[in-house]
Amino acid sequence: GASSSSSGVAPVSAAMSSSPPAYALQRVIRGHAESVAAVRFSPDGQHLASAGADKLIKIWELEGGTCRTELGGHEGGVSDIAWSANSTVLASASDDKTVRLWDAQQGVLLSTLEGHASYVFCVNFNPQSNLVASGSFDETVRLWDVSSGKCIRVLPAHSDPCSAVHFNRTGDLLVTSGYDGLCRLWDPSTGQCLKTLVEDQRTPVSHVRFSPNGRYLLVSTLDSSIRLWSHNSGKCLKTYRGHRNERFCISNGFSTMDSASWVC
């Protein structure tokens with residue numbers, strides 16, 4: 001991670017007003033037969049969901065690390081998963097070109113969302129959990145109605161595979177990223193593209209998310225960099241460097257502890 005207190009390029013070793021969080025390994029959880037692609041804590045903090053190339057989603061008890069539920073049915077590897085706001089529904093994105101919605105408490109399939117023409121790579125709920133956004137190697141983003149399982153909008157989002165989708169805290173903005181080097185802001189109610197953010201080199205974007213307050217975007221690119229953008233001004237405010245990644249789509253995130261803010 002890197003401190004957000006400096007300006008311009010902020011290496012991990014930059015001087016910081018407080019020490020970074022002292023994270024320590026608590027538990028190793030094993031159970032997938034192949035590589036793990038996504039792990040997500042439930043919003044209520046009770047469970048951890050994981051998914052991977054073995055086509056399975058597993059829900060783990062945080063206390064004890066035991067597998068509570070195994071969700072099987074995808075015909076291809078699972079690249080991403082997302083929880084609903086009340087921790088009762090899981091969405092999964094798969095190489096079988098589908099998104100599936102699961103009852104996380106009962107461990108049963110609720111609906112299969114079909115329409116993408118290629119691998120589905122990313123998925124997310126809006127804060128109200130009545131919409132799901134999915135991004136695909138078919139270069140589109142689809143918006144789905146959770147209750148009906150119907151696709152209500154197709155966004156011609158990118159000219160290369162879509163790598164991430166994320167709603168702001170109120171759900172009235174959606175950001176998408178792609179290997180075309182673009183981040184795009186959308187109005188999910190109309191499907192209108194409101195703004196396109198791009199850096200000069202157009203390096204493939206591997207992940208994007210809104211900051212907790214919704215004012216900024218944290219953008220990971222395959223040049224070993226993370227950039228903080230103001231989506232209102234359309235300007236890159238800071239660049240964080242310190243890790244090396246030119247191949248993989250690794251989720252970024254924010255952490256706020258006491259008076260310090262961190263990105264990772």
Side-chain angles (χ1 to χ4, degrees), residues 31-32 36-61 67-138 140-155 157 161-172 174-176 186 188-189 191 207 209 249 251:
H32 284 281
V36 177
V39 290
R40 302 284 184 265
F41 286 102
S42 60
D44 63 11
Q46 298 300 306
H47 298 97
L48 180 73
S50 61
D54 59 5
K55 310 175 187 178
L56 298 175
I57 301 107
K58 292 175 180 277
I59 301 175
W60 306 85
E61 300 282 357
C67 182
R68 192 195 74 177
T69 307
E70 180 176 288
L71 306 174
H74 276 297
E75 297 175 5
V78 182
S79 294
D80 199 14
I81 46 178
W83 290 92
S84 63
N86 63 3
S87 302
T88 62
V89 180
L90 264 175
S92 56
S94 173
D95 288 356
D96 65 10
K97 307 178 186 179
T98 71
V99 173
R100 298 194 179 210
L101 301 180
W102 308 84
D103 184 319
Q105 297 176 322
Q106 301 298 320
V108 297
L109 178 67
L110 298 175
S111 55
T112 300
L113 314 182
E114 298 178 299
H116 280 294
S118 188
Y119 310 136
V120 188
F121 191 68
C122 48
V123 67
N124 238 320
F125 284 91
N126 69 343
Q128 297 78 17
S129 296
N130 63 330
L131 287 180
V132 163
S134 59
S136 169
F137 270 55
D138 66 11
T140 70
V141 168
R142 286 178 175 256
L143 297 178
W144 309 85
D145 178 77
V146 171
S147 60
S148 68
K150 302 291 186 183
C151 179
I152 60 174
R153 207 169 301 283
V154 181
L155 309 179
C162 178
S163 57
V165 290
H166 193 238
F167 290 91
N168 68 343
R169 63 178 183 173
T170 55
D172 59 351
L174 171 72
V175 65
T176 67
W186 306 83
S189 66
H207 197 262
R209 74 167 64 243
C249 291
S251 298

Open item on the list: Restricting to non-hydrogen atoms, name the atom on Phe125 and the atom on Ala91 that form the minimum distance, rounded to 0.1 Å.
Closed with: CE1-CB, 3.7 Å
Open item on the list: Main chain of Leu155, side chain of Arg142: is a donor-acceptor contact present, judged purely on distance under 3.5 Å?
Closed with: no
TODO: Would you check if there is a donor-acceptor pair between the side chains of His47 and Ser87 at a distance under 3.5 Å?
DONE: no
Open item on the list: Could you tell me if His207 and Ser163 have a donor-acceptor pair between their side chains, going purely by distance under 3.5 Å?
Closed with: no
Task: Leu90 CG to Ser84 OG distance, which is reported to the nearest 0.5 Å - done: 7.5 Å
Task: Nearest heavy-atom neighbours spanning Gly76 and Asp96 - done: N-CB, 3.7 Å
Task: Side-chain heavy atoms of Val146 within contact of Leu101, under 4.5 Å - done: yes
- [ ] Report the C-alpha distance between Ser79 and Tyr119 in whole Å, list the side-chain angles of each, state the deciding distance to 0.1 Å, and finish with yes or no for side chain to side chain contact (heavy atoms under 4.5 Å, CB included).
- [x] CA-CA 9 Å; Ser79 294; Tyr119 310 136; over 6 Å; no
- [ ] Indicate the atoms forming the closest heavy-atom contact of Pro127 with Gly171, along with that distance.
- [x] CD-CA, 3.6 Å
TODO: Could you tell me which residues satisfy side chain to side chain contact (heavy atoms under 4.5 Å, CB included) with Leu143, sequence neighbours excluded, listed by chain and number?
DONE: Ala133, Ile152, Arg153, Phe167, Leu174, Pro188
Open item on the list: Show the nearest heavy-atom pair for residues Cys162 and Gly135, with the distance to one decimal.
Closed with: SG-CA, 3.8 Å
Task: Among Ser136, Ser134, Ser92, the one residue meeting side-chain contact (heavy atoms from CB on, under 4.5 Å) with Val99 - done: Ser134
Open item on the list: side chain to side chain contact (heavy atoms under 4.5 Å, CB included) for Thr88 and Asp103? Distances and angles first, verdict last.
Closed with: CA-CA 6 Å; Thr88 62; Asp103 184 319; 5.7 Å; no
Open item on the list: Could you check whether any side-chain N or O of Asp54 sits under 3.5 Å from a backbone N or O of His32, counting only pairs where one atom can act as donor and the other as acceptor?
Closed with: no
Task: Test log, rule salt bridge (charged side-chain N to carboxylate O under 4.0 Å, His left out), inputs Asp138 and Lys97 - done: CA-CA 9 Å; Asp138 66 11; Lys97 307 178 186 179; over 6 Å; no
Task: Between CG on residue Leu71 and CD1 on residue Ile57, distance to nearest 0.5 Å - done: 5.5 Å
TODO: For the residue pair Asn126 and Gln128, confirm or rule out a side-chain donor-acceptor distance under 3.5 Å.
DONE: yes
Task: Shortest non-hydrogen separation from Asn86 to Val89 and the atoms involved - done: OD1-N, 4.4 Å
Task: Salt-bridge present (Asp95, Lys55; N to O < 4.0 Å) - done: no
TODO: Taking all non-hydrogen atoms of both residues into account, name the closest pair between Gly191 and Trp186 and its distance.
DONE: O-CE3, 3.5 Å
Task: salt bridge (Lys or Arg N to Asp or Glu O under 4.0 Å) involving Glu70 - partner list, sequence neighbours excluded - done: Lys58
Can you give each donor-acceptor pair under 3.5 Å made by side-chain atoms of residues 104-113, sequence neighbours left out, with the distance rounded to 0.1 Å?
none

Task: Value rounded to 0.5 Å, distance of CD in Glu75 from OG in Ser94 - done: 8.5 Å
Open item on the list: Could you measure the distance from the CD1 atom of Ile59 to the OG atom of Ser50? Nearest 0.5 Å is fine.
Closed with: 9.0 Å
Task: Side chains of Thr98 and His116, donor plus acceptor under 3.5 Å - done: no
Open item on the list: Run the side chain to side chain contact (heavy atoms under 4.5 Å, CB included) test on Leu131 and Trp144 for me, step by step, so that the C-alpha distance in whole Å, both residues' side-chain angles and the decisive distance to 0.1 Å come before the verdict.
Closed with: CA-CA 6 Å; Leu131 287 180; Trp144 309 85; over 6 Å; no
Open item on the list: Does either side chain, that of His166 or that of Asn124, offer a donor lying less than 3.5 Å from an acceptor on the other one?
Closed with: no
